[in-house]
Amino acid sequence: MTIQTHKIIIDTDPGIDDALAIQLAYADPRIDIVGMTTIFGNVYTHQATRNARHLAELAGHSTRVAEGVHKPYVQAPREPSHYVHGKEGYGDLDAPTPNLPQDSRTAAEFICAMADEHGKSLTLCPIGPLANIAHALDLDPDLPNKIGSVVIMGGAVTVPGNVTSHAEANIYNDPHAAERVFSSGLDVRLVGLDITSNIHCVAADFDEIGAGSPEIGGFLHDISEFYLRFYREFAGSDHCCLHDPAALMAITDPDLFTYEESPVTVLLEGEEAGNTNAVDDASRPAIRFATACNEAEIRNRFIERLRTADAVKAART
Ligand code: RIB
Ligand code: CA
């Protein structure tokens with residue numbers, strides 16, 4: 001039986017849950033990571049580039065990594081959320097310096113080049129703020145007609161935000177870029193807090209992942225301790241949320257996700273900046289936003305897949 005392979009670019013600000021998503025993708029034979037592009041958010045863009053190159057090497061791949069912009073599409077930069085992901089994006093751990101070279105193209109140039117090469121078979125998976133996607137649209141306005149879907153971790157359409165009560169982090173950190181992307185005509189599937197806030201993992205789950213995959217899973221276990229501590233201290237919860245892994249699984253396991261379709265606007269200024277709202281406006285293209293999912297199955301498949309990460313690497317190298 002042939003399995004469907006998804007060619008994807010992950011646009012990422014690794015970041016702990018980004019690292020979980022990236023290793024999940026590498027462990028899944030249904031995913032071919034054509035490249036990664038990096039962005040600010042959890043860390044500075046240069047740290048995101050270093051970490052993306054390290055994460056590719058850790059999985060035994062020589063994935064092309066193209067660096068993104070260092071500031072938002074319009075507004076002034078904010079400080080990274082190091083309090084959630086650690087000063088280097090790896091929790092309590094220092095970040096290794098990778099040998100894997102950086103691609104010479106910018107993120108926007110790389111995205112447009114891969115769109116020309118792969119066309120509708122290419123899926124973009126942004127799991128950080130959206131400035132690179134906005135700049136790619138400026139570089140090639142025909143991008144919406146060239147590529148397949150854009151599966152974004154971001155937004156909070158029917159629930160409160162997680163940075164302010166109005167805004168989710170990836171949108172909050174660059175609302176103008178999100179507005180550019182949501183109104184562009186790209187085939188957007190938004191995987192937001194509406195569902196990712198309900199997809200949980202606890203410390204014992206990362207113990208299990210580390211036991212099954214001592215090298216890669218052990219690394220993910222170690223960086224996740226900081227992430228779990230953040231949730232414990234700031235939210236009083238015994239679990240963390242699998243925000244970015246959920247976006248990856250929306251690509252590989254679409255049957256686990258339910259969407260509504262509507263134009264979605266982004267508030268750009270003031271106290272509600274970054275607020276994402278479904279609106280009745282026929283002049284704007286509609287996008288799909290996830291409203292329900294099978295949380296337990298997503299969590300179980302996440303754990304089971306990451307337990308195999310070392311074995312998948314060994315079989316390839
Ligand atoms: O709100 C969660 C999102 O913001 C995730 O992508 C996380 O990595 C941070 O970037
Ligand atoms: Ca992220």
Side-chain angles (χ1 to χ4, degrees), residues 8-25 36-45 47-52 55 65 68 72 77-91 107 124-133 150-175 177-178 181 189-201 220 223-224 226-228 230-231 234-235 237 239-251 266 273-276 289-290 293 298 302:
I8 73 170
I9 292 175
I10 303 176
D11 187 70
T12 178
D13 59 337
I16 294 168
D17 64 323
D18 299 68
L20 297 173
I22 290 165
Q23 294 305 336
L24 180 70
M36 288 193 272
T37 51
T38 62
I39 192 67
F40 58 82
N42 295 329
V43 292
Y44 294 108
T45 302
Q47 293 174 307
T49 306
R50 176 203 62 204
N51 292 353
L55 290 164
V65 176
R78 290 195 170 98
E79 280 305 301
S81 39
H82 285 146
Y83 58 97
V84 183
H85 296 269
K87 64 181 173 51
E88 297 299 336
Y90 281 169
L124 281 188
C125 187
I127 53 176
L130 294 167
N132 292 330
I133 318 308
V150 182
V151 182
I152 298 169
M153 191 284 135
V157 180
T158 65
V159 298
N162 59 356
V163 177
T164 70
S165 59
H166 307 288
E168 178 277 328
N170 289 337
I171 310 302
Y172 179 74
N173 282 323
D174 202 337
V181 171
R189 272 184 280 156
L190 198 58
V191 179
L193 300 182
D194 310 76
I195 61 162
T196 66
S197 295
N198 303 319
I199 306 171
H200 301 160
C201 256
L220 297 177
I223 65 173
S224 295
F226 188 100
Y227 193 49
L228 286 160
F230 164 76
Y231 277 86
F234 282 79
S237 58
H239 62 262
C240 63
C241 295
L242 298 181
H243 299 298
D244 291 341
L248 258 297
M249 291 184 72
I251 297 169
V266 186
N275 196 342
T276 47
F289 59 95
C293 69
I298 289 168
F302 167 81

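The residues of the chain are indexed from 1 along the displayed sequence. Atoms within each ligand, like the ligands themselves, are counted from 1 in listed order.
- When rounded to 10 degrees, the angle formed at the Ca ion (ligand 2) by OD2 (Asp18) and OD2 (Asp244) equals 80°.
- At a cut-off of 3.0 Å, Asp13 coordinates the Ca ion (ligand 2) through an N, O or S atom.
- Proximity of a side-chain donor or acceptor of His200 to a complementary backbone N or O of Ser197 within less than 3.5 Å is detected.
- The protein heavy-atom contact nearest to atom 3 (C) of ligand 1 is Glu168 OE2, 3.3 Å.
- Counting heavy atoms closer than 4.0 Å to ligand 1, residue Ile16 contributes nothing at all.
- At a 3.5 angstrom cut-off on N or O pairs, His243 does not count as close to ligand 1.
- A donor-acceptor pair is defined here as one N or O able to donate and one able to accept, closer than 3.5 Å; no such pair exists between the side chain of Asn170 and the backbone of Gly154.
- Although no hydrogens or angles enter the test, the distance criterion places a donor-acceptor pair under 3.5 Å between the side chain of Asp244 and the main chain of Asp18.
- Looking only at side-chain heavy atoms (C-beta outward), Thr49 and Val65 come within less than 4.5 Å of each other.
- The proximity of Val163 to ligand 1, defined as any non-hydrogen pair under 4.0 Å, does not occur for either the backbone or the side chain.
- Shortest contact from atom 10 (O) of ligand 1 to any protein heavy atom: Asn170 OD1, 2.9 Å.
- Put simply, the side chain of Ile8 reaches to within 4.5 Å of the side chain of Leu248, judged on heavy atoms.
- Residue-to-ligand polar distances keep Met153 apart from ligand 1: every N/O pair is separated by 3.5 Å or more.
- Here is the list of ligand 1 atoms found below 4.0 Å of a heavy atom in Asp18: 8 (O).
- Listed for the Arg50 side chain is a donor-acceptor partner under 3.5 Å among the backbone atoms of Glu88.
- Residue Ala169 has at least one heavy-atom neighbour below 4.0 Å for each of these atoms of ligand 1: 1 (O), 4 (O).
- The two residues Cys240 and Leu228 make their nearest non-hydrogen contact at N-CD2, 3.7 Å.
- Contacts between Thr196 and ligand 1, counted as non-hydrogen atom pairs separated by less than 4.0 Å, are absent for every part of the residue.
- Here the shortest heavy-atom pairing between Leu20 and Pro245 reads CB-CG, 3.9 Å.
- Contacts between Ile127 and ligand 1, counted as non-hydrogen atom pairs separated by less than 4.0 Å, involve the backbone only.
- When distances to the Ca ion (ligand 2) are checked against a cut-off of 3.0 Å, Gly41 contributes no N, O or S atom below that limit.
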